[in-house]
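Down below is the structure, laid out as structure tokens.
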Amino acid sequence: MTNRQILQAMSGLMAGMFVAILAGTVVSNALPTIIADLGASQSSYTWVVTAELLAMTATVPLWGKLSDLYNKKLLLQLSLSMFVLGSLLAGFSHGVGLLIFSRVVQGIGAGGLTALAQVVMASVIPPRRLGKYAGIFGAVFAVGTVAGPLVGGVLVDTSWLGWRWCFFIGVPFALLAIALLQRTLHLPTAKREVRIDFLGAFLIVAGVCALLIWVSLAGNQFDWASWQTAALTGGGVVLLAAAVFVESRTAEPVIPLDIFRNRTVALTTVASLLVGVAMFGGTVFLSQYFQVSLGKSPTVAGLMSLPMILGLLVSSTVAGQVISRTGKWKRYLVAGAVTMTVGLGLLSTIGADTSFALLSLFMAVLGIGVGMLMQNLVLAAQNDVPAAELGAATSVLSFFRSMGGTIGTSVLGAILAHRVAAETAKGLREAGITPTGGSTGGSVPDMHTLPAPLRSVVEHAYGVATADLFLFATPCALLALVTVVFLKEKPLKTTSGMERLAEESAAADVDAPAGADTSLTAAAPAAAVVELPRQRTSDAPAPARPESDPDPTGQRA
């Protein structure tokens, strides 16, 4: 495909990715208003956040497997349609029950978008050219992640809009993405016999949900050491063990266990999990720090995150361009992990009196590190797996990154609550103030209603507690650095996923026993061999085959 064709196809992918990320972040500043307006409880507050994240994380592997079996364009449009349905249900909700259900529907659609966008990119763009486009996607991811709270804060603060537009705002982007994909994305459909591993899919989703519910609610709804913890962790482990047993014996597993024998996939998976814990677990509480400890409004709190957005945007875009030009990628992963570790370490020194200039510098350093690291982990894995497993490998990385974010958010959130309570109680004792209900860290206080002495104590407590979160996240980033160092750099391939699939299928046909029926598996790849080279122009020359590598099929395009 020419650069122009790729950019046209990516327009729909980028709109879809932006929608998926926005869905999870836009409500963060609006949730207190939403819960108060619906008359719901603190438990409901937790479930509105958790429901979407659970559904997205648990369904990513299933979407990735479906992309290896069915038409990727149709699956993308289906996931966008589910997102639109969930958004409309959420926006028109008049009860917390419907709101939570709609967030589940949103999460399933967002899971498809998260997995499929990167799979489609790898299908049409060779890894050697993928870096610069992956950098653009990293920038979209950054804008959606960090700008979401800003958009939500503005919508809530605008009287003639309100919190319902936090859900409605994504609908036009999703409809635009569906139209753009229909017009610009053209992928051959792999027509072959498929068997969906429904039992394996159920066991994976059930086991992951059990563990995610545990890390989301432990420390808030029940103690870490309790019968609920034993039931959820025990049940989750048993379900996942059963899933491994089933996946190892089925013909079409949802997560092919063989891909973990690939050293690159195994290491990038671990690194993605650690990046999720460090990145999401630490930064998700920055908005609360800005509002509670620094006394800023939701809109200003969103604006204060801009240095991180800019750092991530610039580093991901520049690193992607350089990787495409040079073909070298490991040095940027190592540099990104080092920079992310330094950024988290610097943020562990903040407090209630830290200047915005210093905060901006620390956040920019963290954003630069994440920008060089996060998206290029996917590039390294996609470059080192067979084309038939692109969907599974990509979704596995996205799945573990999301799971890391969920675990990090939950565990660090519990640490934050405990630290705030301890620091608030200590500050009240030192100030000679008798503690009252809600002033010891059990719930987020309304800073505008607190008297000046108590407000000062709470601001200090949240400053100290937030710094501790980044201190706990720093070792995870350091472990990610160690993991990345052990990656072996391999040359980036110069053929797209569809072209590689055609070559792999042609080789399989040659190796097949005489008389074997290969028509089902060979039909689509043969079409890909004919179509893709015709779309090339001078800006994307076809790689020459070595003379020592004759085409075994005699059907060279």
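These numbers were taken from a predicted model, which means no experiment stands behind them. Only heavy atoms go into these numbers, but all of them, side chains included; no hydrogens, no water, no symmetry mates.
When the side-chain contact (heavy atoms from CB on, under 4.5 Å) test is applied to Ala393, the partners found at least two apart in sequence or on another chain are Val385. Scored by the side-chain contact (heavy atoms from CB on, under 4.5 Å) test, Ser315 finds Ile368, Met372 as partners (sequence neighbours excluded). With sequence neighbours excluded, the residues satisfying side-chain contact (heavy atoms from CB on, under 4.5 Å) with Ala174 are Val19, Leu80, Phe83, Val84. In terms of the side-chain contact (heavy atoms from CB on, under 4.5 Å) criterion, residue partners of Val244 (sequence neighbours excluded) are, by chain and number, Leu257.
Counting heavy atoms from C-beta on, the side chains of Arg325 and Val322 come closer than 4.5 Å. Between Leu203 and Leu199, the closest side-chain pair of non-hydrogen atoms falls below 4.5 Å. At a threshold of 4.5 Å between non-hydrogen side-chain atoms, the residues Met403 and Leu211 do not count as touching. Counting heavy atoms from C-beta on, the side chains of Arg401 and Val378 come closer than 4.5 Å. Contact check for Phe400 versus Thr269: side-chain heavy atoms found under the 4.5 Å cut-off. When side chains are defined from C-beta on, Phe202 does not count as touching Val246, because their heavy atoms never get closer than 4.5 Å. The shortest distance between side-chain heavy atoms of Leu481 and Val338 falls below 4.5 Å.
Atoms CZ and CG, from Phe470 and Leu286 in turn, are 4.0 Å apart once rounded to the nearest 0.5 Å. With rounding to the nearest 0.5 Å, the separation of CG in Asp258 from CZ in Arg261 is 4.5 Å. Leu366 contributes atom CG, which lies 10.0 Å from atom OG1 of Thr339 (distance to the nearest 0.5 angstrom). The CD1 atom of Ile204 lies 11.5 Å from the SG atom of Cys209; values are rounded to the nearest 0.5 Å. Separating the CG atom in Leu181 from the CG atom in Leu75 is a distance of 11.5 Å, to the nearest 0.5 Å. If you take CD on Gln77 and CG on Asn71, they are separated by 8.0 Å, rounding to the nearest 0.5 Å.
Judged by distance alone, with hydrogens and angles left aside, the side-chain atoms of Trp329 form no donor-acceptor pair with the main-chain N or O of Leu377 at under 3.5 Å. Checking side-chain atoms of Asn383 against main-chain N and O of Pro491 turns up a donor-acceptor pair under 3.5 Å. Proximity of a side-chain donor or acceptor of Lys330 to a complementary backbone N or O of Val485 within less than 3.5 Å is detected. With hydrogens and angles disregarded, a donor-acceptor distance shorter than 3.5 Å links the side chain of Trp63 to the backbone of Ile108. Side-chain atoms of Ser248 come within 3.5 Å of backbone N or O of Phe245 as a donor-acceptor pair. Thr268 places a side-chain N or O within donor-acceptor distance of the main-chain N or O of Val265, the cut-off being under 3.5 Å. Remark: side-chain polar atoms of Asp384 are not paired, donor with acceptor, to backbone N or O of Lys490 under 3.5 angstrom.
Of all the heavy atoms in Asn376 and Ala319, the pair that sits closest is ND2-CB, 4.3 Å. The two atoms that bring Val484 and Ala271 nearest to each other are CG2-CB, 4.3 Å, heavy atoms only. For Val482 against Phe486, the heavy-atom pair with the smallest separation is O-CD1, 3.1 Å. Contact between Ala477 and Leu344 at its shortest, heavy atoms only, is CB-CD1, 3.6 Å. Between Leu116 and Ser79, the closest heavy-atom pair is CD1-OG, 4.4 Å. Counting all heavy atoms, side chain and backbone alike, Leu397 lies closest to Ala381 at CD2-CB, 3.9 Å.
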Donor-acceptor pairs are to be reported for all side-chain atoms of residues 230-240 against protein atoms at under 3.5 Å, with residues two or more places apart or in another chain.
unit_1: Thr233; atom_1: OG1; unit_2: Thr229; atom_2: O; d: 2.6
unit_1: Thr233; atom_1: OG1; unit_2: Ala230; atom_2: O; d: 3.4

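Note on residues 478-489: no pairs pass salt bridge (Lys or Arg N to Asp or Glu O under 4.0 Å), not counting sequence neighbours.
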